[in-house]
Structures are given as C-alpha cells and as structure tokens.
2 protein chains.
Amino acid sequence: MKKSSEEILSSLASQGFRMTRLRKAIIGVFTGNGLPMSAEELMDILRAGNTAFNRTTVYREIGFLKARGVINEIQFLHERVKRYELASLEHHHHLVCLRCKRVEDIVLENDLADQERSILDSKGFHVTNHMLEFHGICRGCNR
Amino acid sequence: MKKSSEEILSSLASQGFRMTRLRKAIIGVFTGNGLPMSAEELMDILRAGNTAFNRTTVYREIGFLKARGVINEIQFLHERVKRYELASLEHHHHLVCLRCKRVEDIVLENDLADQERSILDSKGFHVTNHMLEFHGICRGCNR
DNA sequence: TTGACAAACGCAACTAAGTTGCATTAAACT
DNA sequence: AGTTTAATGCAACTTAGTTGCGTTTGTCAA
C-alpha cells in the first residue's frame, strides 16, 4: 500500500516527468514522514537537510504531486494552512488533540459504509469520498 | 433547537453586549440562511439589503459571534475561505456535490457514536467533537 | 437628560500563505 | 552535442483576513 520513494519516482519518470534534485528530496520527505505536513514544515525539513530550494518551486511541486495523485491535501478545521500527506497510505482519519495539538492516525474498521448507504437511500446523494476529523483529548493528555 | 434572531440578541444583551445596527443585521442574515456562508457572501447579502458596513467590523463581528458560540466555523476541503453557520442548528454534516458545488445538510441517525467508542477503546483518545464532510454527486446531477 | 464608560467602529497599514508571468536553466532523449 | 520542453527563480501580485489606534455610540446611572 505505502509506496517507496523509488516507486513513486519511477512511476513519474515513466510518464515523462523528470527526476529533479528537488522532486527527489520532496518525495523523500513525504515517504519518510507519516503525518500531514504544511508547505512551511516541508521547507523547514528541506532546509534542515541542506537542500536548497525556492518557495515558488516548492509550491509548484506540491501542486504537481497533488495533481498526479501522489499526495493528498488536508485542511484541519482550526488551521489556515493546507497540509499534505502521501496518498498511498491506507485510508485513515485524524485524531487532533485539543490540548497538545498532536495528530494521530486512525483506521476505522468498516469506516463510514453504513452512513454512506443511508445517505444514498435518504438523499439520493452518491458519496465518492469523505473527510473526517476527530477532536478531543489524547491518552497522554488525559492523565 | 434553532434559535431566532431575537433569542440570540437578548441573550447577548443579558451578558452586557450591545445591540448594534450591524450586529442585528448579521444575526438576521445567519438566522435566515441555513447554509454555511463565507465572510464575503455575508457582506454581499448585507450590501444587497443596503446595510452599510466596514470589512474589519464584519470580521470582528464574526469573531465575536464565534467566540460567544452563536456561530460555528467550517472549513471545506477544497476551499480557502472559512464558512460560518448558526451553532444552534441540529448537529449535522455536509454533502458537497463535486459537479454543481451545492451543499446539502445531512443529519445522521446515531451519527458516529460507534466509531467514537471504538476510538476510545483502541487509542484511549476521548473524542469531544468531530467534523465530517461527504463528497460526491447529488441527486440532481446524477441524471 | 446628561454624562461617563466601555463596547463597537472605521481607517490605513500590515500579514500569511500562496499564485502568476516571464525569462532562464537543465533533464532526458536523439 | 543539440534540441526539446519540464522545471526553476525572481519579482510582483492576490486573497483572506488581522492589528493598532483614535473615534463613535449604546447603555446604564445620576
């Protein structure tokens, strides 16, 4: 399910896109980091690894990877920035702790299948996707 | 459940806040409009009703009503603007049609009670709130 | 009714987060 | 090595709000 940096790069290369220095670095960061990252955080990580970059190019690369389906965009409720994570992760949701602000992944067994069926029945609305975010207090903050 | 403009205003007045011209107008717009509205849309409606206003004051009023729990903030995934709706509406979620972009409300019977229980069991994370958005094709667009 | 007080307002300037246009550079194939 | 076009870098711009600060105006008490 979760793709490696090499798999992603060679799949892009096979579609005629180039393996540039920055593209490799950015895909490396995403494959090495589970949790949703903002553009700014991504740039901090690049900086920390001494990878030179230009803001515009980073934003364009994020747009590119999003358009190719390599990463997904996430918007947390109380934030103004967009976040991104690898699209090839297992379908999951996020638990956002209101106290420590940390984000945890959660995989729901059966997910929202029941709810989506009932939406189709009651509204005739055909759900193709959903986005769900839980807020609360994590185990660590609860004692 | 759904509060009237008068109920909201008198509750605010009882807490020492003033019934200003703009506050009345804005609360009137929210109580008269079911669906989540952006600051810009709110201002369009005020303009259409010949209510004079200042951008800053509208933003401050939104902040005020949010802080007092009169309205809730919503962030749709593919949008950059924040939206707001009356907090006293019944707990519900949104169906966003990918084709016509229209937003519909949905009230789930039983909501996410099962999922939240399983999150507490498996992660020790105590969910106090959640936010859920469904994407798909609405009945109208499906024929 | 008038005064005083703080809530609310209006203006201008600022900020965060990203976007666009355009000229330049550099992967990858021939 | 040459050519093509994807990718880059810079500067300027945009959107969606925010902040500071001096002014106005509801509301309550005298």
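Naming: A, B, ... by sequence-line order, numbering from 1 per chain.
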Margin query: Both Arg60(B) and Ser38(B) contact DNA chain D. Taking the nearest nucleotide for each, which residue is further toward the 5' end?
Written below: Ser38(B)
Next item on the list: Five pairs at each end of the helix from dT1(C)-dA30(D) to dT30(C)-dA1(D): take the axis at both ends and give me the angle between them to 10°.
Entry: 30°
Where do [X] and [Y] come nearest, in terms of heavy atoms and distance?
X: Ser118(B); Y: Glu109(A); value: OG-OE1, 4.0 Å
X: His94(A); Y: Pro36(A); value: NE2-CG, 3.7 Å
X: Leu42(A); Y: Met37(A); value: CA-SD, 4.0 Å

Would you mind reading off the distance between [X] atom [atom1] and [N] atom [atom2], rounded to a whole angstrom?
X: Asn54(A); N: dA11(D); atom1: CG; atom2: C1'; result: 11 Å
X: Phe53(A); N: dC10(D); atom1: CZ; atom2: P; result: 12 Å
X: Arg55(A); N: dT14(D); atom1: CZ; atom2: C1'; result: 13 Å
X: Leu42(B); N: dA16(D); atom1: CG; atom2: P; result: 14 Å
X: Lys82(B); N: dT15(D); atom1: NZ; atom2: C1'; result: 14 Å

Next item on the list: Could you tell me whether Glu61(A) and Arg23(A) make a salt bridge, using a distance below 4.0 angstrom between a side-chain N and a carboxylate O?
Entry: yes
Next item on the list: Using a strict 4.0 Å threshold on nitrogen-to-oxygen distance, state whether Arg83(B) and Glu41(B) make a salt bridge.
Entry: yes
Would you check if the side chain of [X] reaches a backbone N or O of [Y] as a donor-acceptor pair within less than 3.5 Å?
X: Gln115(B); Y: Asp111(A); value: yes
X: Lys123(B); Y: Asp105(A); value: yes
X: Glu133(A); Y: Leu77(A); value: yes

Checklist line | Leading and trailing nucleotides of DNA chain C with any atom under 4.0 Å from heavy atoms of chain A | finding: dA16(C) to dA28(C)
Margin query: Please confirm whether the shortest side-chain N or O distance from Tyr59(B) to OP1 or OP2 of dG17(D) is below 4.0 Å.
Written below: yes
Check: For Thr57(A) and dG9(D), is the shortest distance between a side-chain N/O and OP1 or OP2 below 4.0 Å?
Finding: yes
Check: Does NZ or CZ of Arg68(B) fall inside the cone over Phe64(B)'s six-membered ring, less than 6.0 Å from its centre and within 45° of the axis?
Finding: yes
Item checked: Side chains of Tyr84(B) and Asn72(B) in contact at under 4.5 Å (non-hydrogen atoms) -> no
Margin query: Is there a side-chain contact between Leu120(B) and Val127(B) in this structure, where contact means two heavy atoms from C-beta onward sitting under 4.5 Å apart?
Written below: no
Next item on the list: Could you say whether Leu22(B) or Thr56(A) is positioned toward the 5' end of DNA chain C, judged by the nucleotide with the nearest heavy atom to each?
Entry: Leu22(B)
Output a table of nitrogen or oxygen pairs between the protein and nucleotides 25-30 of chain D separated by less than 3.5 Å.
| residue | atom | partner | partner atom | Å |
| --- | --- | --- | --- | --- |
| dT25(D) | O2 | Arg18(B) | NH1 | 3.2 |
| dG26(D) | N2 | Arg18(B) | NH2 | 2.7 |
| dG26(D) | N3 | Arg18(B) | NH2 | 3.3 |
| dT27(D) | OP1 | Met19(B) | N | 2.9 |

